[in-house]
Peer 1: 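Sharing a structure, written as structure tokens. Questions coming.
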Amino acid sequence: MNSTPDYASRSVLRHLVRGVVGFGLIVGAIALVPVWGPAALLAAPLSLIAFRGCPTCWMVGLAQTVSRGRLERRCVDGVCTLTAAGAGAERHRNTENSIM
């Protein structure tokens, strides 16, 4: 089981739409305060649903979505490396063969 949180979306477009909705709600809530008063700020917490957390969580999810399938994290003996998907397994096999 993976212990790190996964904030990625199924596609980059879907993730960007969630970001536009989230940031739109925040900007709209602040911009509408002069018109609707403090009640406009009630829209801001809805952005947390679009972001699946805070804006930082959304940014982490964007990085995860973009890198999904392209990068692979491999941890061996307490040392973790990030390699291109598929290349890490080949490099790992070559390292094992050179050690033996």
Peer 1: Which residue pairs satisfy the side chain to side chain donor-acceptor pair (under 3.5 Å) criterion with at least one member in residues 11-29, sequence neighbours excluded?
Peer 2: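 Those involving residues 11-29 are Ser9-His15, Ser9-Arg18, His15-Arg18, His15-Trp58.
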Peer 1: Should Val21 and Ile26 be counted in the same cluster of Ile, Leu, Val, Met, Phe, Trp and Tyr side chains packed under 4.5 Å apart?
Peer 2: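 Val21 does not cluster with Ile26.
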Peer 1: Hydrophobic cluster membership, with links at side-chain heavy-atom distances under 4.5 Å among I/L/V/M/F/W/Y: are Val12 and Met59 in one?
Peer 2: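 Yes; tracing contacts between hydrophobic side chains, which count when under 4.5 Å, links both residues.
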Peer 1: Only counting residues at least two apart or in another chain, list the ones meeting side chain to side chain contact (heavy atoms under 4.5 Å, CB included) with Val20.
Peer 2: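 So Val20 forms no side chain to side chain contact (heavy atoms under 4.5 Å, CB included) with any residue.
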Peer 1: Could you go through residues 28-56 and list every donor-acceptor pair under 3.5 Å that involves a side-chain atom there, pairing it with any protein atom two or more places apart or in another chain?
Peer 2:
from  : atom 1 : to    : atom 2 : distance (Å)
Ser47 : OG     : Ala44 : O      : 2.5
Arg52 : NH1    : Ala8  : O      : 3.0

Peer 1: Other members of the hydrophobic cluster containing Val27, with the 4.5 Å side-chain heavy-atom rule, please.
Peer 2: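 Members besides Val27: none; it forms no cluster.
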Peer 1: Holding to side chain to side chain contact (heavy atoms under 4.5 Å, CB included), I want the full list of residues that pass it with Ser67, two or more places apart in sequence or in another chain.
Peer 2: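 Counting only residues at least two positions away or on another chain, Ser67 forms a side chain to side chain contact (heavy atoms under 4.5 Å, CB included) with Leu71.
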